[in-house]
Amino acid sequence: DVYALPNNDPARALLIAQNTRACAFIPMQVAGEVIGAFELDQSKPHTFRPEQVELATIIANQAGVAVQNARLLEQSLSRTRELQILLEVAQVTAHSPSLAELLTSGAHMFVDALGMDGCSVMLLDEGKTSLKLEYAETRVGSAITLMAGDSYPLEDYPARQMALSSQQIITVRGSHVTGDLVERREM
């Protein structure tokens, strides 16, 4: 009975507020590892019989196996999609007759594969002081408007400059208060 729990037990107040008088918490286990749980609630005083607990344990563990299988399938499908994308990229890079076609195909793949609204392809100028927009891919209805040939001086775009100099991915969000004002404004 929930009322038998100590008064200072946080679960007691929560269960009483939910009109629960009896409760059983059944762990979901797969190969001895807990991956979740079921909570059984009863609005009347109730004592869970051993056969009920045993049946609940079997059901919870079977559900655990099903959850684990679903997760493995999801991971497998995700990895298969990633491999398909890598194959497509390899095919495009091997068969693109021109730089323009390569950049166009690459940007299109980024947008589709990652579900982005747009992708810009920029190349460093010879002096490595600015980026020149070579191609921009956007989804229908996207507010992103960029023109090929636009130049972006790195001194005005510190996040881009940092990504290039550190050779690491840098993320900037429009709501990121520490991001550069120019870069945030363009989002």
Side-chain angles (χ1 to χ4, degrees), residues 1-89 108-120 137-144 157-163 165-187:
D1 191 344
V2 170
Y3 285 95
L5 291 171
N7 285 337
N8 62 350
D9 188 327
R12 183 181 196 273
L14 178 66
L15 292 168
I16 290 172
Q18 295 173 346
N19 197 32
T20 299
R21 290 292 308 265
C23 176
F25 199 70
I26 316 296
M28 264 191 287
Q29 296 184 48
V30 177
E33 181 182 340
V34 175
I35 65 161
F38 285 94
E39 181 180 310
L40 304 175
D41 300 322
Q42 182 69 297
S43 60
K44 297 178 271 185
H46 179 78
T47 300
F48 291 93
R49 297 185 316 275
E51 62 271 14
Q52 287 178 309
V53 172
E54 183 179 347
L55 180 59
T57 301
I58 292 168
I59 293 169
N61 290 338
Q62 287 294 322
V65 170
V67 167
Q68 187 73 6
N69 288 341
R71 286 178 176 170
L72 291 172
L73 176 62
E74 192 175 277
Q75 289 172 357
S76 177
L77 293 173
S78 176
R79 184 66 181 144
T80 299
R81 178 65 185 137
E82 289 171 4
L83 291 172
Q84 286 174 324
I85 291 167
L86 292 174
L87 176 61
E88 290 173 21
V89 169
H108 182 71
M109 286 182 191
F110 263 111
V111 169
D112 285 346
L114 300 176
M116 297 289 111
D117 290 333
C119 176
S120 303
E137 170 82 18
T138 59
R139 290 185 184 269
V140 176
S142 172
I144 299 171
Y157 298 90
R160 292 174 187 172
Q161 186 174 32
M162 185 186 316
S165 65
S166 69
Q167 298 179 7
Q168 294 187 7
I169 295 172
I170 303 293
T171 61
V172 178
R173 297 184 310 270
S175 62
H176 196 215
V177 294
T178 59
D180 181 72
L181 182 60
V182 174
E183 288 168 312
R184 287 190 333 210
R185 201 177 0 200
E186 290 186 7
M187 291 185 183

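These numbers come from the heavy atoms of this one structure, side chains and all, not from hydrogens, waters or symmetry mates. Owing to the predicted nature of the structure, the values given are computational and were not obtained by experimental measurement.
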I59 CD1 to E54 CD distance, which is reported to the nearest 0.5 Å:
11.0 Å

Rounded to the nearest 0.5 Å, how far apart are CZ of R12 and CD1 of I16?
4.0 Å

OG/S165 to CZ/R160 distance, rounded to the nearest 0.5 angstrom?
14.0 Å

Residues 19-42 side chain polar contacts: donor-acceptor under 3.5 Å, at least two apart:
residue	atom	partner	partner atom	Å
R21	NE	D1	OD1	3.2
R21	NH2	D1	OD1	3.3
R21	NH2	D1	OD2	2.6

Within a radius of less than 6.0 Å around CD of Q62, do more than 12 heavy atoms belonging to other residues, nucleotides or ligands occur?
no

Exercise: identify the closest heavy-atom pair between F48 and Q52
CA-OE1, 3.4 Å

Got a list of side-chain donor-acceptor pairs under 3.5 Å for residues 66-82, not counting sequence neighbours?
residue	atom	partner	partner atom	Å
N69	ND2	V65	O	3.4
R79	NH1	E82	OE1	3.1
T80	OG1	S76	O	2.8

